[in-house]
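Some notes on the structure that comes next.
It should be emphasised that the depicted structure is a prediction, and the values quoted were computed from it without experimental measurement.
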Amino acid sequence: MSMNNKGGSPAPTATNAAATAGASGAPGPAGRPTATPAPAAAPKASLSANIAKFRELGLLAFIVILAIGVQLRNPSFLTWENLNDIATNTAILSILAVGMMLVIITRGIDLSIGATLALAGMSAALTVKEYPGLSPLVAVLLGVGIGIVCGAVLGFLVAKINILPIIATLGMMNVFRGLTYELSGGKWVSAHQMPDSFKAIATGKVLGLNNLIVIAVVIYIVAYYFVNHTRTGRQIYAVGSNPDSAEVSGIKSGRILWLVYTIMGGLAGLAGVLWVAKFASAQGDTASGYELSVIAACVLGGVSIAGGSGKISGIILGSVLLGILNNALPMINVSPFWQNFIQGMIILIAVLINAVVKRGIDRNNLMRRRI
Amino acid sequence: MSEFILELKGITKTFPGVKALDDVYFKLKPGEIHALMGENGAGKSTFIKVITGVHAPDEGDMYLDGQKVSFRNPKDAQKAGIAAIYQHVTCYPDLTVTENIFMGHEKIAKGTKRLLWREMHEEAGKLLKELGASFSPKTLMGALSVAEQQIVEIAKALSVNARIIIMDEPTAALTNNESEELYRIAEKLRDQGASIIFISHRFEDMYRLASKVTVFRDSKYIGTWGVNEISNADLIVAMVGREITQLFPKKEAQIGEELLRVEGLGKTGYFADVSFTLRKGEILGLTGLVGAGRTEVCQAIFGVERPDKGKIFYKGRELAAKSPLHAMKQGIGYLPEDRQKQGLVLSWEIGRNITLSSLEKMSRRGHLNTRKEQDLAKRLAEKVSVKAKSVFDLASSLSGGNQQKVVFAKLLTADLDILILDEPTKGVDVGAKSAIYEIISDLACSGYGIILVSSEMPEIIGMCDRVAVMREGRITAFMDREGITQEAILRASMADAAPQQDQQRWA
Amino acid sequence: MEPRLLQNKRDFSVKGFLLQWEWMLVVLFLAMTVMNINLSEYYWNFDNLRDATMSFLDKAFIVLPMVFIIIVGDIDISVGSIVALSSVIMADLYNHGVPMPIAMLICLAVGTLCGYINGLLVVKFKELSAVIVTLSTMIIYRGIAYILLKDQAAGKFPDWFNFLGWEYVGGIPFILIAFVVFAILFWYLLHKTTFGRKVYAMGSNLTASRFSGIQTDRIKIIVFTLTGLMSAVCALFLTSRMGSTRPNIANGYELDVIAMVVLGGISTSGGKGRMIGAILAIFLIGYLRYGLGLVNVSAQTLLIIIGLLLIVAVSIPKLKLGKKR
């Protein structure tokens, strides 16, 4: 049994709940600033504690309800073609969300991924434009490589120089974006300049499934294995959960941070190539602001901004929900100009709900102290 | 093979400005529970950190099984079979119990390096079962109580096959039942051949568990005795080293009218039914174990947190302080428990720290008069005799005692009648301690009503006119000056007795 | 107690005085000026410099309160969006027949409200960081601007509105006069009042500040609200200069503003830095842009330069600390 299922939600059994409630001692208020009690399924669990438990079910239910609602308004929603479209769009979003989840688990944030994505995508596009005979695999590797370099630079700034992630990524975002413009000389690389083999990255199929979806699923599996079944993966959680203890346990936090930003960069580079292949165009402002969607997907999927918790299953659901929303809103005649607003509200409401739920859980724990 | 599993000789450790350990000795036999006792600041914690490789000693030698060893880091000590369970549990609240136990020495498959979850869960489950714990190893650490988290820490020590287990004040935040559980575990470990160093300043722990006791005082080694060889009184003298009355220059203050009356104060999860009164010139002690809810009560009176129940009367008028500012405007001041985090802006000058809570007094329509500010700061810093060159010295450059004096000076800037002092001598060296007692005593004489929160028995006994003892969020006993004894306080703070019913008699 | 006399004077160290960050900015400023003069013959010209000043001062209005936010230990990345929203609402109202002066007042009110909401969220939900709160309001505020104006421009303001961004009073640009007035106000507020002292205290140790009777929540809300208000002031000047507005106006301003504050020596970990540094940084970055623009360095390259400048500015103090350890 993997413990991943316990990641963000309480995982007690009914029997131990009673024992815990009985033995709960006097509070140690100043002693454990980082220790935030999670619930142990007290018999009278509060509503918010239940929400935390069933977050993913709720998310799933919401997705189903949303899909049914949209389908009633516009029957062309649940068609194979449209679903495929949603899935391919979601694939890119969720690949990025995997990286962002790791970053957020370590209490960081990365605002530069839209720019990294554009830089990697543009480099790949320019390369295949110049050498049309090149294998698409080389283009992908090139993109990933550029992403890794970008991420490693960020990781260096955050882990070694100790710059706040928000500041470091805000600054480097502009640098990467500027480099993209410089590379392209302000021009687009459009569909007819790209060889078919390159565009086929996004249209090709493996076992009847679109490449993008296959790639995304492979990444989920690898990431799942990495965060749950390797020592390094668990150390990422440890660093986010309690950085001080991590040092004492002999975990090299700096190295973990560096690794996390590098992975994020590599995934952004990969996503850049996929993006450019899918939309068959590379522009200076490709994916501008896309980092916000990615953060939204993570927050929706239950990744805690305070660090230490987040699961792959959660962010997949979060990404799917966002993907459906982005696809469905135009279909039910919501103006695209509402998109920004809706996305912002989703992030805000999701983090507010997370906060309120957490408070409910804490209050619940206090009640169990019998004082 | 030596008779002793662990032996330390002539250990000395100096930190900038403080001699934390001065020529200290310690001998531990296999299968022994050895109590290490001393007041706060006696050097116990530093000593532990030397054994566990956190600090390297400046002088002295350490022998393990008769072999001389020197640890460069905690990993070395761990490999040698030494594990420590610290007073404040350091854990990963978002991770499971299993992970907390195995962090740093996970079981991984050969070749693939995969984590062997099933094996780890199984072993964790086995360890927990051995320790008599009833929670699953898959529970999140953050969902456990402090006592349960401590059991996990012990399991962690067992999982690395520690032969020497150090427990640093493990019972400080536990109830009687939980302590009993811990004793049982410690005895079991001993019977299995482990040696345990048990640090505590509770006599009860020592009598219940240990066969030997070693006492440190003021960073020095005082002696080692068999627990049955030394009387309680001698042990106290060994720990305190002086007649209590000498240390405490308590002057008799004129006790006047009632300043504060608290009735049935409660806050869910922290404290309940707290009632007491405070008079002018009186020093009311508030004691009990760490985590008994003392600090929370004080902070509720000071307006940091709002109580859910009960009333507070200040000079006969009902007062519900909405914020610290509101409380201070009424005349209630609070000296926080953690002066570095709550009391001072360490990166600031002494003077600015002193005036921080009364800026309005030195300003007109928001404009700050720095001349006036500096004069006031200087006057008050001199009044509490802060040892510094000028008020422009940084607070971070001062010793603990002098930092605390700065916080006192800060309280004196406001027009207050009531001072709530939360562990005012914590982490303060002996010399500065008596200076602080003198300040407190003078303040009481000049008419302040003072609530003195303290875990240190001698301090409570030496300074207070009356004492309220708290346990698990409730006041369990009141004692007046004649009735205050160490035993009575211990009984009230430990015993699982019903809370005192007739509090009104005292309040 | 034996009274101990403390000295009355502060130790003065020449080295400490000279090692202040602001001197480095002055040196940088001079170096930049020399470089620009050598790069282009058009740089050292009073009229040109004056007009250049008018073109970069709009965002300087936001730098002033942002200094407070960063000293208090928070951050606000929604300022660009507040500029856009207040500007768009003003234009929209005016185009729907609301008199311009009233539209301008509403612009200020909208900015203030946006800032107040930021502050309220930050204070009421302490478990969230200001980063995530202002990140979401950044998207929301600009989202509302898009909803109102779609992808269009709105403008055709009355002629007198141009005054803000284009006119001179006694040969001095009005925007410069306005900035100087605000700069003095904010300098005074930060360095000479109890409010400023409390802001520093909160940035250095929030808990100790609360325990010292400082109403930390109130001060945070005020600081965020001021930032909203000043973003709206920026919106007035910026809209006047542009002559029209779009929902994507002031895109990326948060970066410029934060870069200026950080370059000005205000520490992102709170509690440290001075207003004069930030003001120097405004002019340093402004004239650097102008000078490089004169020799046809593209906007994209400037983007890279500003980004790198931000990174270097935050790195230098950290590196110095690292060596000490």
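The part of Lys341(B) that comes within reach of chain C is its backbone (N, CA, C, O), which places non-hydrogen atoms under 4.5 angstrom from that chain. Only the backbone of Gln340(B) comes within contact range of chain C, judged by heavy atoms closer than 4.5 Å. At a 4.5 Å heavy-atom cutoff, Ser358(B) makes no contact with chain C through either its backbone or its side chain.
In this structure, the side chains of Gln299(B) and Phe211(C) come closer than 4.5 Å at one or more pairs of heavy atoms. Between Leu356(B) and Ile214(C) the shortest side-chain heavy-atom distance falls below 4.5 Å.
For NZ of Lys126(C), the number of neighbouring non-hydrogen atoms (other residues, nucleotides, ligands) closer than 6.0 Å is greater than 12. Taking a 6.0 Å sphere around OH of Tyr116(C), one finds it holds 12 or fewer heavy atoms contributed by other residues, nucleotides or ligands. Within a 6.0 Å sphere centred on NZ of Lys361(B), other residues, nucleotides and ligands contribute more than 12 heavy atoms.
Your options are Gln215(C), Lys192(C), Arg197(C), and the one with the most heavy-atom pairs under 4.5 Å with chain B is Arg197(C). With respect to chain B, the highest number of heavy-atom pairs below 4.5 Å among Asp217(C), Leu206(C), Thr194(C) belongs to Thr194(C). Looking only at heavy-atom pairs under 4.5 Å with chain C, the residue among Lys329(B), Glu349(B), Met362(B) that has the most is Glu349(B). Between chain C and the residues Pro324(B), Gly303(B), Ala414(B), the most heavy-atom pairs under 4.5 angstrom are made by Pro324(B).
Between Ser357(B) and Ser212(C) the shortest heavy-atom distance is CB-O, 3.0 Å. Nearest approach of Leu344(B) to Ala208(C), heavy atoms of both residues: O-CB, 3.6 Å. The two residues Ser204(C) and Trp348(B) have their closest heavy-atom pair at OG-NE1, 3.5 Å.
Distance check, rounded to the nearest 0.5 Å: NE2 of His367(B) to OH of Tyr188(C) gives 4.5 Å.
Remark: the backbone N or O of Gln342(B) is not paired with any side-chain donor or acceptor of Asn205(C) at under 3.5 angstrom.
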